[in-house]
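See below for the structure under consideration.
All values derive from a computational prediction rather than experimental measurement. Residue numbers start at 1 and run along the sequence shown.
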Amino acid sequence: ILRLGRVVSGDARGPGLFFILPCIDDLRVIDLRTQVFDVPPQEILTKDSATVTVDAVLFFRIFHPVLSVTNVKDASHTTWLLAQTTLRNVLGTFTLEQLIASRSDIASQMQSILDEATDPWGVRVERIDLKHVTMPKTMQRAMAAEAEATREAKAKVITAEGEQKASRALKEAANVMGRSKGAMQLRYLQTLHTVAADNNHTVMFPMPNDLINRFLSAIGGGKSQVSVDPALAGLSA
């Protein structure tokens, strides 16, 4: 209650029954409930020179009615305008990647800044949330291409590491098979069994080295001697 432009001694009146002097007292009704405002979309230039559009929602309430009347003309509208400027100033200090990944941290920082600024007005900012971060279509396509290239690079690295481990395993297997004469034949029979399981029309017959050398010796008069790997020697039909 303002009497001749001055606040009546004591705190704010109400709720309940109270009396005023007509034509002398000015009554201001203050809503102490939590109010919600939509912060309109703001075009923001991020720290890495990316242009995005961000909107938010603001929750606040008036905790001191006298301060909200005497220290500021319109506490609700002023808080709403301050939220817009704070949104642009705070988000301009973050990169686009930080803006997308750290929304909760950014909202907490904005809430503390707004709460500190509106405390002399008797306003307490309870919460502020970022709703949408809108980027141009060209930037979305560029980010999608970058993410795809990153995934392809990781896939190539994983494939190269797998081939390196496989080559080491093959080397160790070759060393083990080289110590036994029948290991290569057993491996060949296993391969033959795998080929036969596919229901194909290829039949492979193993041919020992001695048989091939005798055949070549008979043709060349005993002058030719070759060494053929039993795993590779064979006839296919």
*Full working for side chain to side chain contact (heavy atoms under 4.5 Å, CB included) between F60 and Q35*: CA-CA 5 Å; F60 70 95; Q35 303 181 42; 3.9 Å; yes

*Please round to the nearest 0.5 Å and tell me the distance separating atom CD of E161 and atom OG1 of T159.*
9.5 Å

_Nearest heavy atoms of A117 and L82, plus distance in Å_ = CB-CD2, 3.6 Å

*Nearest 0.5 Å please: distance from the CG atom of L114 over to the CG atom of L87.*
9.0 Å

_With a sphere of 6.0 Å drawn around CZ of R88, does it hold more than 12 non-hydrogen atoms of other residues, nucleotides or ligands?_
yes

*CG-CZ distance between L58 and R127, expressed to the nearest 0.5 angstrom*: 12.0 Å

*Verify side chain to side chain contact (heavy atoms under 4.5 Å, CB included) between I128 and F37, making sure each step is shown before the conclusion.*
CA-CA 10 Å; I128 182 170; F37 279 162; over 6 Å; no

*R168: partners by side chain to side chain donor-acceptor pair (under 3.5 Å), with sequence neighbours left out*: none

*Does D115 use its side chain to pair, donor to acceptor, with the backbone of Q111 at less than 3.5 Å?*
no

_For a 4.5 angstrom cut-off between non-hydrogen side-chain atoms, does F94 reach I100?_
no

*asked:* How long is the straight-line distance from CG of N89 back to CE of M110, given to the nearest 0.5 Å?
replied: 9.5 Å

*asked:* Less than 4.5 Å apart, side chain to side chain, heavy atoms only: is that true for K165 and S167?
replied: no

_Checking E126 now: which residues fulfil side chain to side chain donor-acceptor pair (under 3.5 Å) with it, not counting sequence neighbours?_
T34, R61

*Output yes when a side-chain donor or acceptor of T118 lies under 3.5 Å from a complementary backbone atom of V123, and no otherwise.*
yes

*Gap between atom CD of Q42 and atom OG1 of T86 - 0.5 Å precision*: 10.5 Å

*Please indicate whether K131 has more than 12 foreign heavy atoms, meaning atoms of other residues, nucleotides or ligands, lying under 6.0 Å from its NZ.*
yes

_Non-hydrogen side-chain atoms of D31 and I62 separated by less than 4.5 Å_ = no

*Check: V57 main-chain N/O paired with D129 side-chain donor or acceptor under 3.5 Å*: no

*Are any of the side-chain heavy atoms of V54 and V133 separated by less than 4.5 Å?*
yes

*If every non-hydrogen atom of L99 is compared with every non-hydrogen atom of V52, which pair is closest and at what distance?*
CD2-CG2, 3.8 Å

*asked:* Which heavy atom of W80 sits nearest to which heavy atom of V39, and what is that distance?
replied: NE1-CA, 4.1 Å

*First locate atom CZ of R103, then atom CG of L91, and finally report the distance between them rounded to the nearest 0.5 Å.*
10.5 Å

Per-pair distances, 0.1 Å, donor-acceptor, side chain in residues 66-75, under 3.5 Å, sequence neighbours excluded:
unit_1	atom_1	unit_2	atom_2	d
S68	OG	P65	O	2.6
T70	OG1	V66	O	2.8
N71	ND2	P120	O	2.8
D74	OD1	S76	N	3.4
D74	OD1	H77	N	3.4

*For side chain to side chain contact (heavy atoms under 4.5 Å, CB included), just list the numbers for D105 and Q109, CA-CA rounded to whole Å, side-chain angles, deciding distance to a tenth of an Å, and then say yes or no.*
CA-CA 6 Å; D105 297 338; Q109 182 178 349; over 6 Å; no

